[in-house]
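Below: the structure, in C-alpha cells.
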Protein chains: 2
Amino acid sequence: MATKPGTTTNTIDRFLASELAGEIEFLTARNRSLGSARANKLLGPLGLKVRSYSVLSLACSGMAPTQRELAEFLLLDPSQIVPLVDELESRGLVGRAADPNDRRSKVITCTNEGMQLYKKARVATAEGEDIAMANLSKSEKETLRELLARIAFPQ
Amino acid sequence: MATKPGTTTNTIDRFLASELAGEIEFLTARNRSLGSARANKLLGPLGLKVRSYSVLSLACSGMAPTQRELAEFLLLDPSQIVPLVDELESRGLVGRAADPNDRRSKVITCTNEGMQLYKKARVATAEGEDIAMANLSKSEKETLRELLARIAFPQ
DNA sequence: ACTTAATCGTTGACTTTATCAAGAGTTTAC
DNA sequence: GTAAACTCTTGATAAAGTCAACGATTAAGT
C-alpha cells in the first residue's frame with residue numbers, strides 16, 4: 001500500500017518541501033492552471049471561457065482596443081484574436097469598427113448585450129478570485145495584486 | 001470615454017487602468033506566459049523546457065515520485081507524463097524503477113548525469129526568477145512567494 | 001509624386017499541448 | 001477468489017501556440 005486510495009492531499013504535502021515548490025515560476029504556473037480551470041467552469045454557463053472573457057472585458061472597457069492591442073495585452077498571436085472576436089461578434093456581443101485614423105486597424109467595441117453579459121461574467125470571475133484567495137486576508141489580497149501587477153507590467 | 005485608438009503611446013500603459021488588469025487571474029495568466037517563455041529560452045541550451053525541467057527537478061528531489069504523483073503535483077494528465085519521462089530517460093537523465101511496494105507504480109529517479117544537468121538548470125531558472133522580480137525587494141519576493149504558495153496549495 | 005518599406009487583419013499550415021477513453025498488469029476489497 | 005479500483009500506457013480528438021504569407025492600407029525615403 002504505497003498510497004491510500006481516495007486521499008489526494010497526501011501526495012501534495014509530500015512534495016511541498018521540494019525545491020520546485022519554492023520556485024515562483026512553478027507556483028505561478030500551478031495557480032494559472034487551477035485558476036483558469038475554475039474560471040472556465042464558472043464562465044461556462046455564460047458561454048464564455050477565460051480567453052473570450054478577456055476579449056469581452058477589454059471590449060467593454062471603453063478603451064476601444066484594436067485587435068493588435070488585444071494581442072499585445074493578452075500576450076496572444078494576432079491570428080488568435082481573429083476567431084475569438086469572430087465568435088463574440090457572431091453572438092452580437094462585440095463589433096468590429098473601422099478605425100477612422102487608420103483603416104488597417106479594427107476597433108473592437110461591445111454592444112449593449114455584450115455589456116450585459118460582461119457584467120454577469122465579471123461577477124463570475126470575482127467569485128473565482130474569492131475562492132482562489134479564500135485563505136488570504138483582505139490586505140494580503142491587495143498586496144498580492146500589487147506585487148503580481150509589478151511583475152506582469154515591469155516598468 | 002473612449003481613449004483615442006491608434007496612438008503610438010505604449011499599448012500596455014493604455015490598458016493598465018482596465019478592470020481586467022486588476023484581476024488576479026489575469027495577472028497570473030500573464031505572468032505565467034511571460035515566465036514560461038523566458039524560462040524556456042534560458043533552459044533551451046540545456047535541452048530542457050519548463051515541463052521537462054519540472055519532472056527532472058522532482059526526480060532529483062530525493063522524494064522518489066511516481067508518475068501518478070508527478071501528474072498530480074504538476075497538474076498534468078498522467079498520459080502527459082509518459083513522453084516527458086520517456087525523453088529524459090532516453091537521454092540517461094532519469095530512470096523508471098519498479099516500486100517494490102506497488103508494482104503498478106513506477107518511481108522516477110535521477111541519474112548522476114540527471115543531477116548534474118539539474119544543477120545547471122536550477123541556476124537558469126533562478127536567473128529567470130531574478131529577471132522576473134527585478135523590481136521587487138528581497139522581502140517583497142519572499143512575501144510574494146509565500147502568498148503564491150498559499151494559493152497554489154490551499155489547506 | 002512615386003516607389004519602397006512597414007503595419008493590420010486574415011488565412012492556412014504546422015507543431016505543441018490538453019482532454020478522454022480504453023487496455024494490460026497489479027493490488028485492494030468483499 | 002472474484003470483482004472493483006489503481007497505474008502506466010496507447011491512441012484518438014480537440015484546443016492552443018507558432019509562423020509565414022497575402023491584400024489592403026499607411027508611412028518613409030528620395
Side-chain angles (χ1 to χ4, degrees), chain A residues 1-8 10-11 29-30 32-34 36-37 40-41 43-44 48-55 59 64-90 94-108, chain B residues 5-8 11 29-30 32-37 39-41 43-44 48-55 64-90 94-108:
Chain A
M1 182 204 65
T3 51
K4 266 181 237 173
T7 65
T8 67
N10 261 345
T11 305
R30 198 179 150 91
R32 191 304 286 216
S33 184
L34 291 170
S36 71
N40 279 332
K41 200 168 285 185
L43 290 170
L48 295 172
K49 296 183 182 181
V50 283
R51 281 293 162 74
S52 46
Y53 166 76
S54 300
V55 171
T66 68
Q67 297 189 196
R68 177 71 44 166
E69 290 172 323
L70 291 175
E72 188 177 348
F73 199 65
L74 300 176
L75 295 177
L76 297 176
D77 191 89
S79 65
Q80 295 179 273
I81 303 294
V82 177
L84 286 171
V85 173
D86 282 349
E87 204 246 337
L88 295 176
E89 189 180 31
S90 72
V94 306
R96 287 174 162 96
D99 185 340
N101 299 329
D102 185 344
R103 295 203 325 248
R104 290 171 299 184
S105 301
K106 299 182 181 175
V107 173
I108 308 305
Chain B
T7 54
T8 50
T11 306
R30 192 168 213 276
R32 199 287 300 211
S33 184
L34 290 171
S36 71
N40 279 331
K41 200 167 284 185
L43 290 169
L48 294 172
K49 296 184 182 181
V50 282
R51 282 291 163 77
S52 47
Y53 165 78
S54 300
V55 171
T66 68
Q67 296 187 199
R68 175 70 45 167
E69 290 173 323
L70 291 174
E72 188 178 346
F73 199 66
L74 300 176
L75 295 178
L76 297 176
D77 191 88
S79 64
Q80 293 179 273
I81 303 294
V82 177
L84 286 171
V85 173
D86 282 348
E87 204 246 337
L88 294 176
E89 188 180 31
S90 73
V94 306
R96 286 175 163 96
D99 185 341
N101 300 329
D102 186 343
R103 292 195 338 241
R104 290 172 300 185
S105 299
K106 298 182 181 176
V107 173
I108 307 306

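The chains referred to below are lettered A, B, ... by the order of the sequence lines, with proteins before strands, and numbering in each begins at 1.
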- Message: In whole Å, I'd like the distance from the NZ atom of A:Lys41 to the P atom of C:dT19.
- Response: 11 Å
- Message: Quick check on DNA chain C: between A:Val82 and A:Arg104, whose nearest nucleotide comes earlier from the 5' end?
- Response: A:Arg104
- Item | Candidates C:dG9, C:dA18, D:dA16 - which lies nearest the side chain of B:Leu76 | C:dA18
- Message: Quick check on C:dA18: is either OP1 or OP2 less than 4.0 Å from any side-chain nitrogen or oxygen of B:Gln80?
- Response: yes
- Rounded off to whole Å, could you give me the CG-to-P distance for the B:Leu70 and D:dT7 pair? 13 Å
- In whole angstrom, give the distance that lies between atom CG of A:Asp99 and atom P of C:dG9. 9 Å
- Message: For A:Arg51 and B:Val85, find the nucleotide of DNA chain D closest to each by heavy atoms; which residue's nucleotide sits nearer the 5' end?
- Response: B:Val85
- Query: Given atom CD of B:Gln67 and atom P of D:dC8, what is their separation to the nearest angstrom?
  - Reply: 5 Å
- Message: Donor-acceptor pair, distance only, cut-off 3.5 Å: does the side chain of A:Asp77 make one with the backbone of A:Ala71?
- Response: no
- Task: Starting from C1' on D:dG17, measure out to CG on A:Leu84 and report it in whole angstrom.
- Result: 12 Å
- Item | Interatomic spacing from CZ in A:Arg51 to CG in A:Leu74 - rounded to 0.5 Å | 7.5 Å
- Message: Can a donor-acceptor pair be found, under 3.5 Å and without considering hydrogens, that links the side chain of A:Ser36 to the backbone of A:Arg32?
- Response: yes
- Task: In whole angstrom, give the distance that lies between atom NZ of A:Lys106 and atom C1' of C:dT11.
- Result: 12 Å
- Judged by atom type as modelled, is there a donor-acceptor pair below 3.5 Å linking the side chain of B:Ser90 to the main-chain atoms of B:Glu87? yes
- Message: Using OP1 and OP2 only, check whether a side-chain N or O of B:Lys49 sits under 4.0 Å from C:dT16.
- Response: no
- Task: Round to a whole Å and report the spacing from CG of A:Asn40 to C1' of D:dA16.
- Result: 12 Å
- Less than 3.5 Å between a donor and an acceptor, one on the side chain of B:Ser79 and one on the base of C:dC20, is that the case here? yes
- Note on the structure: Separation of D:dA24 atom P from A:Asp102 atom CG, nearest Å, is 16 Å
- Item | Rounded distance (nearest 0.5 Å) linking atom CG of B:Leu70 with atom OG of B:Ser54 | 9.5 Å
- Query: Within less than 4.0 Å of OP1 or OP2 of C:dT10, is there a side-chain N or O belonging to A:Arg96?
  - Reply: yes
- base_contact_polar (C:dC8 base, A:Arg68 side chain, donor-acceptor, <3.5 Å): no
